[in-house]
Amino acid sequence: MRVAYWLMKSEPEEFSIDALKKVKREPWTGVRNYQARNFMWQQMQPGDGVLFYHSNCPVPGVVGLAEVMGEPLPDPTQFDPLSDYFDSKSDPDKPRWWMRHVGFKRKFKQVVSLDRLRGEAGALGEFALLNRGNRLSILPVSEAQWTHVLSLAEDS
DNA sequence: GCCAACGTTGGC
DNA sequence: GCCAACGTTGGC
């Protein structure tokens with residue numbers, strides 16, 4: 001079976017790796033970017049690896065591992081008028097926004113910081129995360145990048 | 001279909 | 001809190 005790898009960003013004040021550890025499994029709702037939507041809708045497979053990334057915080061970086069769980073589901077927040085993510089143009093018969101569940105795997109002993117990743121830019125090769133101005137909240141990760149980030153998490 | 005205005009992301 | 005980068009919106 002094909003296993004792919006992803007990086008998913010979350011602001012720790014909104015939803016941290018500790019929060020994921022606590023709930024074990026979280027519906028990844030609220031993504032309103034078509035490229036990120038397409039990854040969740042059509043490209044992810046159950047069991048795919050996820051680098052869990054903390055953004056918009058004192059030390060941005062990869063803080064642990066998660067996995068994609070289950071098939072794509074319509075993001076319920078798009079149909080909830082009380083939600084910040086409500087989309088009046090989305091048709092329930094043809095939902096515009098899709099989500100996956102994300103399951104906790106483990107938390108790193110220490111953050112693999114964005115700074116550290118930048119220092120490893122040569123080894124990591126082309127990595128959307130390191131491109132300037134990158135704002136995508138879900139990015140594909142190669143197997144080599146996945147392995148390298150894991151090795152950075154091991155040593156200290 | 002162009003593109004200026006606007007809103008959001010996210011590092012610093 | 002600032003602001004560069006970028007995606008989206010909407011007028012034309």
Side-chain angles (χ1 to χ4, degrees), chain A residues 4-23 26-44 48-68 72-102 104-142 145-146 148-153 155-156:
Chain A
Y5 303 95
W6 309 92
L7 180 144
M8 298 175 81
K9 297 180 187 172
S10 187
E11 301 192 14
E13 286 194 20
E14 295 294 321
F15 188 75
S16 66
I17 187 80
D18 291 323
L20 181 62
K21 183 176 183 176
K22 201 166 171 184
V23 298
E26 176 75 2
W28 211 256
T29 59
V31 170
R32 294 293 179 271
N33 169 282
Y34 286 102
Q35 209 179 337
R37 188 262 335 239
N38 290 342
F39 291 144
M40 287 201 291
W41 186 23
Q42 297 171 314
Q43 294 195 233
M44 285 180 171
D48 281 358
V50 173
L51 298 175
F52 196 98
Y53 181 93
H54 279 175
S55 66
N56 213 358
C57 57
V59 185
V62 179
V63 292
L65 304 182
E67 73 174 321
V68 173
L73 299 167
D75 179 343
T77 63
Q78 70 195 303
F79 304 123
D80 176 3
L82 299 179
S83 169
D84 287 345
Y85 303 111
F86 178 61
D87 184 348
S88 61
K89 299 198 191 87
S90 184
D91 176 357
D93 292 328
K94 207 186 166 199
R96 180 180 288 185
W97 304 112
W98 295 78
M99 51 150 273
R100 298 279 180 147
H101 282 88
V102 172
F104 177 79
K105 295 285 276 187
R106 67 186 173 93
K107 181 183 175 179
F108 292 160
K109 289 199 178 65
Q110 59 172 34
V111 188
V112 178
S113 68
L114 179 59
D115 231 33
R116 186 86 198 279
L117 293 169
R118 290 228 167 90
E120 299 285 327
L124 289 166
E126 168 58 29
F127 195 1
L129 182 73
L130 303 180
N131 295 345
R132 76 192 301 252
N134 161 64
R135 289 172 40 186
L136 248 195
S137 63
I138 301 176
L139 331 160
V141 172
S142 72
Q145 289 163 345
W146 170 270
H148 196 71
V149 172
L150 290 209
S151 76
L152 295 175
D155 67 35
S156 38

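Within every chain, numbering begins at 1; the chains are lettered A, B, ... in the order of the sequence lines, protein sequences first and strands thereafter.
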| query | Nucleotide by nucleotide, 5' to 3', does protein get under 4.0 Å of the base (B), only the sugar-phosphate (S), or neither (-) in nucleotides 7-12 of chain B, counting heavy atoms? | reply | BBBBBS

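Remark: Lys9(A) pairs with no residue by the salt bridge (Lys or Arg N to Asp or Glu O under 4.0 Å) rule, at least two apart or across chains. The side-chain hydrogen bond (donor to acceptor under 3.5 Å, both in side chains) check on Arg96(A) picks up Asp87(A), with sequence neighbours excluded. Under the rule for a side-chain hydrogen bond (donor to acceptor under 3.5 Å, both in side chains), Ser113(A) has no partner lying at least two apart in sequence or in another chain.
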Let me have the donor-acceptor pairs involving side chains of residues 49-60 of chain A, under 3.5 Å, with sequence neighbours excluded, atom names and distances please.
| from | atom 1 | to | atom 2 | distance (Å) |
| --- | --- | --- | --- | --- |
| His54(A) | NE2 | Ile17(A) | N | 3.1 |
| Asn56(A) | ND2 | Glu11(A) | OE2 | 3.3 |

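Sequence neighbours left out, not one pair with a member in residues 122-134 of chain A passes salt bridge (Lys or Arg N to Asp or Glu O under 4.0 Å).
If Lys89(A) and Asn33(A) are placed on DNA chain C by their nearest nucleotide, the residue sitting closer to the 5' end is Asn33(A).
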